[in-house]
Peer 1: 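Can you read through this structure? Questions will come right after.
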Amino acid sequence: MYSKKVLEHFTRPHNQGVIKNPSGVGMVGNPTCGDMMKIYIKVKKDVKKREVISDIKFETLGCASAIATSSMITDLAKNKTLEEALKITRNDVAEALEGLPPIKMHCSNLAADSLREAVRDYRDKNKK
Amino acid sequence: MKQIYFDHAATTPVDKKVLQEMMPYFNQNFGNASSIHSFGQEALLAVEKARMQVAKYFNANLNEIIFTSGATESNNLAIKGTDRAYFKKEKKKPHIITTTFEHHCVLETVKKMEKENLIEATFINPKKDGVIDVRDIKNAIKSNTILVSVMYVNNEIGTVQPISEIGRMIKSKNSEQGTGDKKIIFHTDATQAVAYFDCNVEKLGVDLMSMSAHKIYGPKGVGALYVKFGLDIAKIQDGGAQEFGLRAGTLNVPGIVGLGSAISMIRNQDSVNTKIRELRDYLVAKILKEIPDSRLNGSKIKRSPNNVNVNFSRVEGESLLMMLSAEGVFASTGSACSSGSLSPSHVLLSLGLKPEETHGSLRLTLGKNTTKKEIDYAVKAIKKSVEKLRKVSGNVLKDYYKNKS
Ligand code: FES
């Protein structure tokens, strides 16, 4: 059974959609198992010249838990520096959602992975 | 909030009249049907009445009906019991034919016996429309084939199998052989067929037939196995001599009374089924018309009157169920995410669908009390949920294929 928090994020996901001209994009999953997640980030420098995720959006094809973890990780990563965002683990996501059924833990992996992919994509593009 | 139940293939509510007839057997006439005293005899009388009711529906004799705990046990007994009886006599490894889209209780039984090296097995694939071709069964028969087990109606996609045709084919195969030779036994799992299709064992030409009470407005935990008189089948559970020595264990008297009562209430089958079929056709047409990128799984015609199984692309089934449940519509799905094993439905895969094509599957199964109003409400809810989930999934699928190519 899903927690109330999961159901909340599932029925009313936050930060759902696309960013036009994103700074980075991460896509993980494969259609065979049904989990597909895509995260878009916009990165800006803040006053202290740190790179910060100023905007983040997601698109997800998957179960209720996959959608809820996408929503939750975008909440957790928003306005964080890239270093902070990279530190978000699947457990952080699961905990913020007040737990996930054991069989659904892999869905939260996807969320953490696609965020990491998005950051890497941004860094690849901005290598000097 | 509205609560609309579209999952009658999973289970049905116990009919009020059935429940009423069961009630006294819990704490008034609570005797053990094996006891000699009058409490026991009263229970026995009730059990025998139920046996008559089931036998009548199947056009069978009283001594051909074995009460079990449900279709899973009936199927286990039919398959393992046939194998055991054969092995005891012949000391040889037999061959069993079944299909790839049986219910797990048949499929896992046969697979396990194959793995344990007790039998050889052949699994026949249905055609794209979810119907088995009799010729495929015929071609699979070998000299050591002792059992053919084909379900009557598939539980997921509702397709109906040519049971009487298979029965005739096996009969003629059997008569080709000399009298001393072993005969091929024919078993069907009729769990989803009772109340919708003719279950006359004579007409079907079956030797073994399984059913379950809770699919026909009876209680859970009770079912029956038809065992043709004279058939050699061994028990698989040791204990008392109940059920002609084939099924040890104290009889579930209230359950059996409920099963008998539920099956005896199946009347005017044709007119009830026509009504359900009309509603079902209306539901399918409405979904396919109003929701883009939707598709019906399984044959449109060779199908149980109460079954709808549709697929929506770019939607995952578990999230669709959750969304619908929030709207008060209760259905089921064959999606990987919804299964304990995270693998997609073996039934949908057996139709030749790719795993990603099984994702957005939705099964809606109607009951005798389903109304047009409920259907209209459900379609609205499905449409809304599919649109919402498609918005959430956006272009991921398209992007994925674009990146790959
Ligand atoms: S997306 Fe398949 S289980 Fe979560």
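So you know, we letter chains A, B, ... as the sequences are listed, proteins then strands, and number each from 1. Excluded from the calculations below are hydrogen atoms, water molecules and symmetry mates; all remaining heavy atoms, backbone and side chain alike, are included. Computed from a predicted structure; not experimentally measured.
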Peer 1: Could you tell me the separation between the CG atom of B:D376 and the NZ atom of B:K286, rounded to the nearest 0.5 Å?
Peer 2: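 Output value for this atom pair is 4.5 Å.
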Peer 1: Of all of A:L61, A:T11, A:I103, which one pairs up most often with chain B through heavy atoms under 4.5 Å apart?
Peer 2: A:L61
Peer 1: In a check of side chain to side chain donor-acceptor pair (under 3.5 Å) between B:N297 and each of B:N309, B:N307, B:D129, which one passes?
Peer 2: B:N309
Peer 1: Does a side chain donor of either B:E356 or B:Y401 reach within less than 3.5 Å of an acceptor in the other side chain?
Peer 2: yes
Peer 1: Counting only heavy atoms closer than 4.5 Å, note whether A:I67 contacts chain B via side chain, backbone, both or neither.
Peer 2: side chain
Peer 1: Quick check on the interface: out of A:Q16, A:K38, A:M37, who has the most heavy-atom pairs with chain B under 4.5 Å?
Peer 2: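 Option with the greatest count: A:Q16.
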Peer 1: Check the side chains of B:S335 and B:E318 for a donor-acceptor pair under 3.5 angstrom, ignoring hydrogens and angles.
Peer 2: no
Peer 1: Between the side chains of B:S304 and B:N306, does any donor sit under 3.5 Å from an acceptor?
Peer 2: yes
Peer 1: By a 4.5 Å heavy-atom criterion (distance strictly below it), what part of B:S339 contacts chain A: side chain, backbone, both, or neither?
Peer 2: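 For B:S339, backbone heavy atoms alone lie under 4.5 Å from chain A.
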Peer 1: What residues form a side-chain contact (heavy atoms from CB on, under 4.5 Å) with B:A10, not counting sequence neighbours?
Peer 2: B:Y5, B:D7, B:R363
Peer 1: Name the option with the most non-hydrogen atom pairs under 4.5 Å to chain A; the candidates are B:S393, B:G394, B:A326.
Peer 2: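 Counting heavy-atom pairs under 4.5 Å, the top option is B:S393.
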Peer 1: Quick one: of A:P13, A:A66, A:A64, who has the most non-hydrogen atom pairs under 4.5 Å with chain B?
Peer 2: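 With the most close heavy-atom pairs to chain B, the winner is A:A64.
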Peer 1: Which residue out of B:R314, B:E357, B:K391 racks up the most heavy-atom pairs below 4.5 Å with chain A?
Peer 2: B:K391
